[in-house]
Amino acid sequence: MATMESLIGLVNRIQRACTVLGDHGGEGMSLWEALPSVAVVGGQSSGKSSVLESVVGRDFLPRGSGIVTRRPLVLQLHKTEAGQAEYGEFLHAPGKKFSDFADVRREISEETDRLTGKSKHISNKPIHLSIYSPNVVNLTLIDLPGMTKVATEGQPDSIVEDIDNMVRSYVEKPNCIILAISPANQDIATSDAIRLAKEVDPSGERTFGVLTKLDLMDKGTNAVDKFALAWITYVTNVFKVLEGRSYRLQHPWVGIVNRSQADINKNVDMIAARRREREYFQSSPEYGHVANKMGSEYLAKLLSKHLEAVIRQRIPSIIALINKTIDELEAELDRLGRPIGVDAGAQLYTILEMCRAFDRVFKEHLDGGRPGGDRIYLVFDNQLPAALKKLPFDRHLSLSNVRKVVSEADGYQPHLIAPEQGYRRLIDSSLSFFKGPAEASVDAVHFVLKELVRKSIAETQELKRFPSLQADIAAAAGESLEKFREDSRKTVLRLVEMESSYLTVEFFRKLPLDPEKGSNPSAPNMDRYADSHYRRIGSNVSAYVGMICDTLRNTIPKAVVYCQVREAKRALLNYFYSQVGRREKKQLSTMLDEDPALMEKRETIANRLALYKSARDEIDSVAWK
Ligand code: GDP
Ligand code: MG
């Protein structure tokens, strides 16, 4: 089974990693919150920083009047081999070893100001300090700003509440062990620490009561007896008060004697202060039997042991949380898309994969399954026939125009039997009207296809993260469609031109002879220029044009589908593929540029995932040895 050192060391490492990732107990259940820690709470000047320093055995916390601690200080103590040099290291300045603890103190002040400015305001982003020393036990302690009842030094009025909220945010976590500091020279009934602990830990199972300034309690009394009496009375009162409020701690109270202000001014060193504290308890007969259960050294051991027990107990739930979070993060990464390989081959593969995905969606639009393909049929079934119907043949084949065209074709010598030239001109000019609707069909289908490309790009899940590639595919598909349109346009115009280049003679052979004239060939010349003659010519041409119209109504869609729709399905990105294949790695990476916000999000998640995975590995390697 894991040793105490390794367990607490494990928690320390995970805590540090959490802070690097900005995961120090924000929204939701975080790993940080699942980890046990010890928070030091109490009113201003109750001796919090002194207790911390005693536990560490070194002077290193900034001091001064008012609210000195304005950011949480996460203090991780790492026990090193005897004889090793002591040093501190901040998470915000990795690798920089502070062996002079006066420098540590300065750095804490400066780092506090760096975030809060000189405003004397508070911030809940913690400062992380690790202390490596043979004289400490493995322990994580959090020093919090002292609770206060009034704002001072031009601090905003909200500071009282802000501090209260911040302290509360740490101690209300069920995994937080509360070190509730109350000065013995004040009425315990008014202790901020106890008030808060009672609120957030009503059963008192995770609160350690610490009484500081025991030495100040008997100020002015020299007799040990008197002091002992005072102490016993005091403690009895404390419990009366506590019981009266039906609040009882599960752990024994620990009394502490820290250095007084005078000691600090005289630079009494911590090791000496500890020795003095030990002597203080041992030399007092009243403490005799409990002397080894008093003092900061004992407190440190007590905490460390308790922390170990808590960690042991929490490990299964921490592992469960880690596994659950890993699953969630993996799912989130899948949703965002995994990072892409950096080599050209992997990138090319990714690009082609995504093009294929796009192609699939596009084909579904055309072939059915997704909407849009039906709009092409609408062009043929609706738009084209309507446009054909609207062609101005009535006007073009009106009596006056037929006469005009035929006469012009005849020239100075009017036709003798049938106006061959006139017919041809009338038919030719009529057929050219078909070019308009033919081209319009090509364009209409082109726009449908273009719209389907746009839609398909938007609907291709895999492409969502790559705006550059989306633009590239849109451009390539657009170019291809343009090419298909041109081809289609030429083809439909050719269909129309083919109709005028060779007329269906059969049609005219089958035309019935002029009913009136047929029976009276004796006077043909008289009727040659009569209205009825031209009307007949007009109606013959109209019938012929009607026949061609029926043909084109059928052949234009075939041409359009052949040239545009079929090609779009078959070869929309062919040119693009051949180009991409020749691209250099740099160009490929540019195509795979992602939305920076998305990349950042993925990176954050990937980092968290790495943290949780390494935490799992660490626990695996430590906990079940
Ligand atoms: P904090 O504001 O809660 O962090 O309190 P500090 O640790 O800064 O202590 C406030 C003042 O009380 C300092 O001048 C300390 O020297 C003094 N002090 C703290 N604990 C004791 C103690 O046990 N005995 C005596 N005599 N003075 C103490
Ligand atoms: Mg302090």
Side-chain angles (χ1 to χ4, degrees), residues 38-75 104-105 108-109 111-112 116 120 122 126-127 129 141-150 152-153 155 159 163-164 166-167 170-171 178-186 188 190-194 196-197 209-221 227 230-231 234 253-270 272-281 284 287 294-299:
V38 180
V40 185
V41 301
Q44 269 181 47
S45 295
S46 56
K48 297 181 299 298
S49 297
S50 299
V51 168
L52 265 180
E53 285 184 333
S54 295
V55 170
V56 180
R58 291 307 292 255
D59 251 311
F60 63 96
L61 291 172
R63 282 160 189 283
S65 55
I67 308 172
V68 179
T69 310
R70 282 180 288 115
R71 280 176 66 180
L73 175 78
V74 175
L75 181 65
V104 170
R105 182 182 315 143
I108 293 174
S109 290
E111 177 61 19
T112 300
T116 61
K120 299 284 172 213
I122 57 166
I127 297 174
L129 169 61
L141 296 154
I142 303 168
D143 191 17
L144 292 164
M147 286 175 286
T148 174
K149 291 180 176 75
V150 281
T152 51
E153 299 174 31
Q155 286 160 335
I159 198 150
I163 292 179
D164 198 70
M166 184 208 290
V167 173
Y170 277 86
V171 296
I178 304 168
L179 205 52
I181 313 286
S182 311
N185 60 345
Q186 273 173 29
I188 193 85
T190 64
S191 162
D192 290 308
I194 294 300
L196 187 65
V210 177
L211 280 174
T212 54
K213 310 194 185 182
L214 288 183
D215 56 320
L216 294 185
M217 210 172 58
D218 64 335
K219 260 247 142 85
T221 46
F227 160 69
W231 163 243
Y234 179 81
W253 285 72
V254 179
I256 295 264
V257 176
N258 291 312
R259 288 173 305 164
S260 65
Q261 192 58 48
D263 293 336
I264 292 169
N265 296 346
K266 276 187 277 173
N267 275 326
V268 171
D269 91 50
M270 288 294 301
R274 268 192 178 180
R275 195 175 51 239
R276 247 180 36 191
E277 186 192 34
R278 209 177 312 133
E279 282 162 10
Y280 177 91
F281 288 112
S284 154
Y287 287 121
M294 291 283 154
S296 32
E297 263 173 296
Y298 175 70
L299 177 65

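Just the heavy atoms: all of them, side chains too, but no hydrogens, waters or symmetry mates, feed the values below. This chain uses plain numbering: 1 for the first residue, then up along the sequence. Note that ligands are numbered from 1 as they come in the structure, with each ligand's atoms numbered from 1 the same way. Just so it is clear, the model here is predicted, and its values are computed rather than measured.
- Considering only heavy atoms from C-beta on, I256 stays 4.5 Å or farther from L214 through its side chain.
- Every atom of ligand 1 with a heavy atom of S49 under 4.0 Å away is listed here by number and element: 1 (P), 4 (O), 7 (O).
- I181 approaches G47 most closely through the heavy-atom pair CG2-C, 4.2 Å.
- Within ligand 1, the atoms closer than 4.0 Å to a non-hydrogen atom of I264 are 16 (O), numbered from 1 in the order shown.
- The main-chain N or O of S260 is found under 3.5 Å from a side-chain atom of D263 such that the two form a donor-acceptor pair.
- Of all the atoms in ligand 1, the ones that sit under 4.0 Å from a non-hydrogen atom of G43 are 3 (O).
- For ligand 1, the atoms closer than 4.0 angstrom to any heavy atom of L216 are 26 (N).
- Note on R259 versus E277: no salt bridge recorded, every NZ/NE/NH1/NH2 to OD/OE distance being 4.0 Å or above.
- Counting the atoms of ligand 1 from 1 in the order shown, those under 4.0 Å from a heavy atom of K48 are 1 (P), 2 (O), 3 (O), 4 (O), 5 (O), 7 (O).
- Counting heavy atoms from C-beta on, the side chains of L52 and K48 never come closer than 4.5 Å.
- With distances taken over non-hydrogen atoms, the option nearest atom 25 (C) of ligand 1 out of N185, D215, V51 is D215.
- Test L75, I142, V74 against P126 for side chain to side chain contact (heavy atoms under 4.5 Å, CB included) and you get one pass: V74.
- For S49, the nearest N, O or S atom to the Mg ion (ligand 2) falls under 2.8 Å.
- Judged by distance alone, with hydrogens and angles left aside, the side-chain atoms of R275 form no donor-acceptor pair with the main-chain N or O of M270 at under 3.5 Å.
- For ligand 1, the atoms lying closer than 4.0 Å to a non-hydrogen atom of V257 are 23 (O).
- For ligand 1, one of its N or O atoms has an N or O atom of S46 under 3.5 Å away.
- Look at G146 and you'll find every heavy atom at least 4.0 Å from all atoms of ligand 1.
- Ligand 1 has a nitrogen or oxygen under 3.5 angstrom from a nitrogen or oxygen of G47.
- Taking all atoms of both residues into account, the shortest heavy-atom contact from S54 to N258 is OG-OD1, 2.8 Å.
- Under 4.0 angstrom from ligand 1, the non-hydrogen atoms of R259 all belong to its backbone.
- Remark: among candidates K213, E277, Q44, the nearest residue to atom 12 (O) of ligand 1 is K213, based on non-hydrogen atoms.
- The shortest distance between side-chain heavy atoms of P183 and K213 falls below 4.5 Å.
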